[in-house]
Amino acid sequence: MQIGLVGLGKMGGNMRERLRNAGHTVVGYDTNPELSDVASLADLVDQLDAPRTVWVMVPAGHPTQLVIDQLGSLLKPYDTVVDGGNSRWTDDEKHAQELGKHGIGFVDAGVSGGVWGLQNGYALMVGGEKEHVDRLKPIFEALKPEGPYGYVHAGKVGAGHFAKMVHNGIEYAMMQAYAEGWELLEKVESVDNVREVFRSWQEGTVIRSWLLDLAVNALDEDEHLEKLKGFAQDSGEGRWTVEAAIDHAVPLPAITTSLFARFASRQDDSPQMKMIAALRNQFGGHAVESKK
């Protein structure tokens, strides 16, 4: 299948490679000419055969809106736009309406996998009309992990990003729990090999997970996380999850507390946030702040 890909950063660039490895034709565009296959968004559209599919992987908010606006004027009826970034689900509804006026289909795709996606595949949570989603299944199959899981048509437009938002909220709470446990183990005098305690949990325990594996990777690189500053950013999806919970009167104490803990990290050098920062760096290549 042929597809255009806009945004060739940490995830977009790896997605281009994974799709090409699966035999698909990918025309990539990025504002960085060293990464781009074409000189402009118009050139990308010109190189695609109708009906075209363009997958957008740029930051949420204004950058995504700018690309959607441009594609609305460049694409034709029966073409499809996929927003695979971390857009808010309410923006998806707006974008689908804007593109629909031109006869252009819209699909939102929550994508999880970070910098490991090229090797392991990307978990995909997709929203949109069935006819648009079904046409893109060869692309979804190439991107997802091997096996029966890792892809879901979650519902109508906005459902994909809403599902990914909740996924990230759960991720916040899981990372916070590992971080709190790590700090407590580091504090007591009787435990003198915290890293190996974490490693021992990787097999046979009910808390084993990929995040635990990444925590061990981080501790192998810096046993007591002494090189990191206890500061962790949030991508915005944790905030949106809490806001949605308030709107729907759903109690989310663990997720809400984990979000507030990140806010607290910006005031003090929090030991827990060293682990959160290390985990974010391990799975997503997110920047960390080193001690001076």
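Numbers here are sequence positions counted from 1. Hydrogens, waters and symmetry mates are skipped; everything else that's a heavy atom, side chains included, is used.
We find that E243 and R88 are joined by a salt bridge, their nearest charged nitrogen and carboxylate oxygen being less than 4.0 Å apart. Checked for salt-bridge contact, E131 and R135 miss the test: no charged N lies under 4.0 Å from a carboxylate O. The pair R208-D213 does not count as a salt bridge, with every side-chain nitrogen at least 4.0 angstrom from each carboxylate oxygen. Between E196 and R199 there is a salt bridge, since a side-chain N of the basic residue sits under 4.0 Å from a carboxylate O of the acidic one.
Using a distance-only test at 3.5 Å, with no hydrogens or angles considered, no donor-acceptor pair links the side chain of H24 to the main chain of Q2. In this structure, the side chain of N281 engages the main chain of H286 through a donor-acceptor pair within 3.5 Å. A donor-acceptor pair under 3.5 Å links the side-chain atoms of K144 to the main chain of G147, judged by distance alone. Judged purely by atom type and a 3.5 angstrom limit, R18 uses its side chain to pair as donor or acceptor with the backbone of L143. Remark: side-chain polar atoms of T257 are not paired, donor with acceptor, to backbone N or O of A254 under 3.5 angstrom. Judged by distance alone, the side chain of Q272 and the main-chain N or O of E183 form no donor-acceptor pair under 3.5 Å. No donor-acceptor distance shorter than 3.5 angstrom exists from the side chain of H248 to the backbone of V250, with no hydrogens or angles considered. Judged purely by atom type and a 3.5 angstrom limit, R16 has no side-chain atom pairing as donor or acceptor with the backbone of G28. Listed for the D79 side chain is no donor-acceptor partner under 3.5 Å among the backbone atoms of P51. Within the 3.5 Å criterion, the main-chain N or O of D30 finds a donor-acceptor partner in the side chain of S36.
Residue pairs meeting the side-chain hydrogen bond (donor to acceptor under 3.5 Å, both in side chains) criterion with at least one member in residues 121-130, sequence neighbours excluded: K130-D134. For the salt bridge (Lys or Arg N to Asp or Glu O under 4.0 Å) condition, the pairs that include at least one residue of residues 151-166, sequence neighbours left out, are K164-E237. For residues 63-87, the set of pairs meeting the ring-ring contact (aromatic ring centres under 6.0 Å, His included) definition, not counting sequence neighbours, is empty.
Considering all non-hydrogen atoms of both residues, V107 and H132 come closest at CG2-CB, 3.7 Å. When all heavy atoms of L259 and R239 are compared, the pair lying nearest together is CD2-CA, 3.8 Å. D222 and K227 make their closest contact through OD2-N, 2.9 Å (heavy atoms, listed as atom of the first residue, atom of the second, distance). Heavy-atom minimum distance, M11 versus V111: CE-CG1, 3.5 Å. The minimum heavy-atom distance between R266 and R262, with the atom names listed, is NE-O, 3.4 Å. Residues W210 and G113 share a closest heavy-atom pair of CH2-O, 4.2 Å.
To the nearest 0.5 Å, atom CG of residue L214 and atom CZ of residue R280 are 13.0 Å apart. Rounding to the nearest 0.5 Å places CG of L279 at 14.5 Å from NZ of K274. Put simply, NZ on K10 and CE on M57 are 11.0 Å apart, with the number rounded to the nearest 0.5 Å. Here the straight-line distance linking atom NE2 of H95 with atom OG1 of T90 works out to 9.0 Å at 0.5 Å rounding. With rounding to the nearest 0.5 angstrom, the CG atom of L185 is 11.5 Å from the CG atom of D192. Interatomic distance, L5 CG to D37 CG, rounded to the nearest 0.5 Å: 9.0 Å.
Contacts of Q47 classified as side-chain hydrogen bond (donor to acceptor under 3.5 Å, both in side chains), with partners at least two apart in sequence or in another chain: none. For F260, the ring pair (Phe, Tyr, Trp, His ring centres under 6.0 Å) partners at least two apart in sequence or on another chain are F263. Residues satisfying the side-chain contact (heavy atoms from CB on, under 4.5 Å) test with S40, not counting sequence neighbours, are A42, D43. F162 meets the ring pair (Phe, Tyr, Trp, His ring centres under 6.0 Å) test with W89; sequence neighbours excluded. Partners of T241 by side-chain contact (heavy atoms from CB on, under 4.5 Å), not counting sequence neighbours, listed by chain and number: M165, L252, I255. Evaluation of the ring pair (Phe, Tyr, Trp, His ring centres under 6.0 Å) rule for W201 yields F198 as partners, not counting sequence neighbours. Looking at residues two or more places apart in sequence or on another chain, you find a side-chain hydrogen bond (donor to acceptor under 3.5 Å, both in side chains) between Q282 and E221.
L41 forms part of a hydrophobic cluster together with V6, V27, Y29, V38, L44, V45, L48, V54, V56, V58, V67, I68, L71, L74, L75, V81, L99, I104, F106, V157, judged by ILVMFWY side-chain heavy-atom separations under 4.5 Å. Alongside L184, the hydrophobic cluster contains no other residue (criterion: ILVMFWY side chains under 4.5 Å).
Using modelled atom types and a 3.5 Å distance limit, the side chains of R52 and T80 yield no donor-acceptor pair. A donor atom on one side chain and an acceptor atom on the other are found under 3.5 Å apart for S87 and D83. Between the side chains of Q176 and E180, a donor-acceptor pair is found at a separation under 3.5 Å. In the model, H224 has a side-chain atom that pairs as donor or acceptor with a side-chain atom of E186 under 3.5 Å. In the model, D92 has a side-chain atom that pairs as donor or acceptor with a side-chain atom of H161 under 3.5 Å. For the 3.5 Å distance criterion, the side chains of Q233 and E289 fail to qualify, holding no donor opposite an acceptor.
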Evaluate the side-chain contact (heavy atoms from CB on, under 4.5 Å) criterion for residues H167 and S112: first the C-alpha distance (whole Å), next the side-chain angles of each, then the deciding distance (0.1 Å), finally the verdict.
CA-CA 9 Å; H167 164 282; S112 182; 3.3 Å; yes
One pair to check against side-chain contact (heavy atoms from CB on, under 4.5 Å): V152 and V126. What are the steps and the verdict?
CA-CA 6 Å; V152 61; V126 176; over 6 Å; no
Take E171 and F283 through the test side-chain contact (heavy atoms from CB on, under 4.5 Å) and record every step on the way to the result.
CA-CA 11 Å; E171 173 192 299; F283 71 72; 3.3 Å; yes
If you apply the rule side-chain contact (heavy atoms from CB on, under 4.5 Å), what do you find for V216 with L219, and how did you get there?
CA-CA 5 Å; V216 173; L219 294 173; 5.6 Å; no
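Hydrophobic clustering places V188 together with V194 (ILVMFWY residues linked when any side-chain heavy atoms are closer than 4.5 Å, directly or through intermediates). Note on F231: it does not cluster hydrophobically with Y172, by side-chain heavy-atom contacts below 4.5 Å among ILVMFWY residues. Residues M125 and I170 fall into different hydrophobic clusters, defined by Ile, Leu, Val, Met, Phe, Trp and Tyr side chains chained together at heavy-atom separations under 4.5 Å. One hydrophobic cluster, built from ILVMFWY side chains closer than 4.5 Å, holds both V191 and M275. V115 and L19 fall into different hydrophobic clusters, where Ile, Leu, Val, Met, Phe, Trp and Tyr are joined by side-chain heavy atoms under 4.5 Å apart, directly or via other members.
Atom CD of Q97 sits in a sparse spot, with 12 or fewer heavy atoms from other residues, nucleotides or ligands closer than 6.0 Å.
The closest side-chain heavy-atom distance from S209 to L212 is below 4.5 Å.
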